[in-house]
Peer 1: 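Below: one structure in structure tokens.
Letters A, B, ... mirror the listed sequences (proteins, then strands); counts begin at 1.
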Number of protein chains: 2
Amino acid sequence: MSASTKLSASVKALCYLAETYPVPQNSRIISEKIGVNASKLRQLLSLLNNGRIVKSEKGAAGGFRLTKSPKKIDLQEIYCAIEDRKAFDLHTNDSEKNLWRSAEINNFFLGLFAEIQVDIEKKMKKIKLSDLLQKVEIQSNYK
Amino acid sequence: MSASTKLSASVKALCYLAETYPVPQNSRIISEKIGVNASKLRQLLSLLNNGRIVKSEKGAAGGFRLTKSPKKIDLQEIYCAIEDRKAFDLHTNDSEKNLWRSAEINNFFLGLFAEIQVDIEKKMKKIKLSDLLQKVEIQSNYK
DNA sequence: TTAATTGTTACACTTACCATAACAAATAAA
DNA sequence: TTTATTTGTTATGGTAAGTGTAACAATTAA
């Protein structure tokens, strides 16, 4: 799953949890609603659980719930929870170590891509889940 | 080849052409210098030729040369030449058309990613090939 | 004790990717 | 005109990554 696909799947699930709060929703139900495979969804929701964005409960009548208001959840923390961003490896091949300026130029791009990553995360930090809910006209039950 | 790998390979080739200007360099020579397969390199250089960043000459003693000063070449135009950026398709599955808010949320992300793309290109527009040459201490023969 | 649910691993299957090869078209030089 | 060389483009074999699904242990409420 690409980073963007994971992010949008996660956000869809979170939107649904906002609408249905505080009733726990299990992975099968969410899967049917948002059209993402239940198993894959559990993988994502498990990461969101580790990131303290949702709380999971096992057993009968278990499932997932939001841990905090959509106003306090931003896209960057969702992204961080689901993606271990390894700062662009750039396919830096060992065989090109002794080549003409390759190392220096690679370093240049490593720095550039890291900068871009920071810019993107800054932008996502500003976008709250509540903004998104409003934009797509979903009534959240977690105010 | 990923976009970032293509970009860095292209830039390495262009740096080498700046250093060796105005003598045409063929794909085999450049390949040996920068450690990128000659065939793949021709694919990239062919795109840069279409983008009027290099000029190619076939036949004996042919090869590639810069068409303009590194001061007038920026990373964004290199990127545009080698990448037909199709504005993030986001794996939007047909089966999720009638699903709960999927279309709206997808559109939100489509817009967000398009914005990010614009930001990145703005940033790359500001970086000239000459800046990079200076940073990695390559003497350009095309002033 | 039971039934349901998460969390994690595994597994085919497909797709994408990468390095390389191959060869036609073009062209400068002999 | 002929020859050698180089680009431009397509094809290919092998490898890695991604995708959707299944399976099942661990957990937990009823």
Peer 1: Which nucleotide in the list D:dT9, D:dT21, D:dC24 gets nearest to the side chain of B:Ser39?
Peer 2: D:dT9
Peer 1: Report the distance from atom CG of A:Asn37 to atom P of C:dT9, rounded to the nearest whole Å.
Peer 2: 17 Å
Peer 1: Less than 3.5 Å between a donor and an acceptor, one on the side chain of B:Gln43 and one on the base of D:dT10, is that the case here?
Peer 2: yes
Peer 1: Nearest nucleotide by nearest heavy atom, which residue falls closer to the 5' end of DNA chain D, B:Asn26 or B:Lys40?
Peer 2: B:Asn26
Peer 1: For the pair B:Glu32 and B:Arg28, find out whether any cationic side-chain nitrogen is under 4.0 Å from an anionic carboxylate oxygen.
Peer 2: yes
Peer 1: Is there a side-chain contact between A:Val23 and A:Gln25, using heavy atoms and a 4.5 Å cut-off?
Peer 2: yes
Peer 1: Answer yes or no: is there a side-chain heavy-atom contact under 4.5 Å between B:Ile29 and B:Thr20?
Peer 2: no
Peer 1: Which comes earlier along DNA chain C counting from the 5' end, the contact point of A:Arg28 or that of B:Ala61, where each point is its nearest nucleotide?
Peer 2: A:Arg28
Peer 1: Without decimals, in angstroms, what is the distance between A:Lys55 NZ and D:dA29 C1'?
Peer 2: 13 Å
Peer 1: Closer than 4.0 Å, any side-chain N/O of B:Ser46 to the OP1 or OP2 of D:dT9?
Peer 2: yes
Peer 1: Roughly, in whole Å, what's the span from CD in B:Gln25 to C1' in D:dT5?
Peer 2: 15 Å
Peer 1: In whole Å, what is the span from the CZ atom of A:Arg42 to the P atom of D:dT27?
Peer 2: 16 Å
Peer 1: Given D:dG20, D:dG8, C:dT6, identify the nucleotide with an atom nearest to the side chain of B:Lys58.
Peer 2: D:dG8
Peer 1: Output yes when at least one side-chain N/O atom of B:Ser27 is less than 4.0 Å from OP1 or OP2 of D:dT7, else no.
Peer 2: yes
Peer 1: Return the value, rounded to whole Å, for the distance between atom CG of A:Asn49 and atom P of D:dT28.
Peer 2: 12 Å
Peer 1: Per the side chain to side chain donor-acceptor pair (under 3.5 Å) rule, which among A:Ser56, A:Ser27, A:Ser31 passes with A:Arg42?
Peer 2: A:Ser27
Peer 1: Nearest of D:dT21, D:dT9, C:dA28 to any side-chain atom of B:Ala60?
Peer 2: C:dA28
Peer 1: For B:Ser56, answer base if it contacts any base atom (sugar-phosphate contacts may also be present), sugar-phosphate if it contacts only those atoms, and nothing otherwise; contact means non-hydrogen atoms under 4.0 Å.
Peer 2: sugar-phosphate
Peer 1: What distance do B:Ile34 atom CD1 and B:Leu14 atom CG have between them, rounded to the nearest 0.5 Å?
Peer 2: 9.0 Å
Peer 1: Rounded to the nearest angstrom, tell me the gap between atom CG in A:Leu44 and atom C1' in C:dT8.
Peer 2: 14 Å
Peer 1: Rounded to the nearest Å, what distance is computed from the CD atom of residue B:Glu32 to the P atom of nucleotide D:dT6?
Peer 2: 11 Å
Peer 1: What integer distance in Å separates A:Glu57:CD from D:dA29:P?
Peer 2: 7 Å
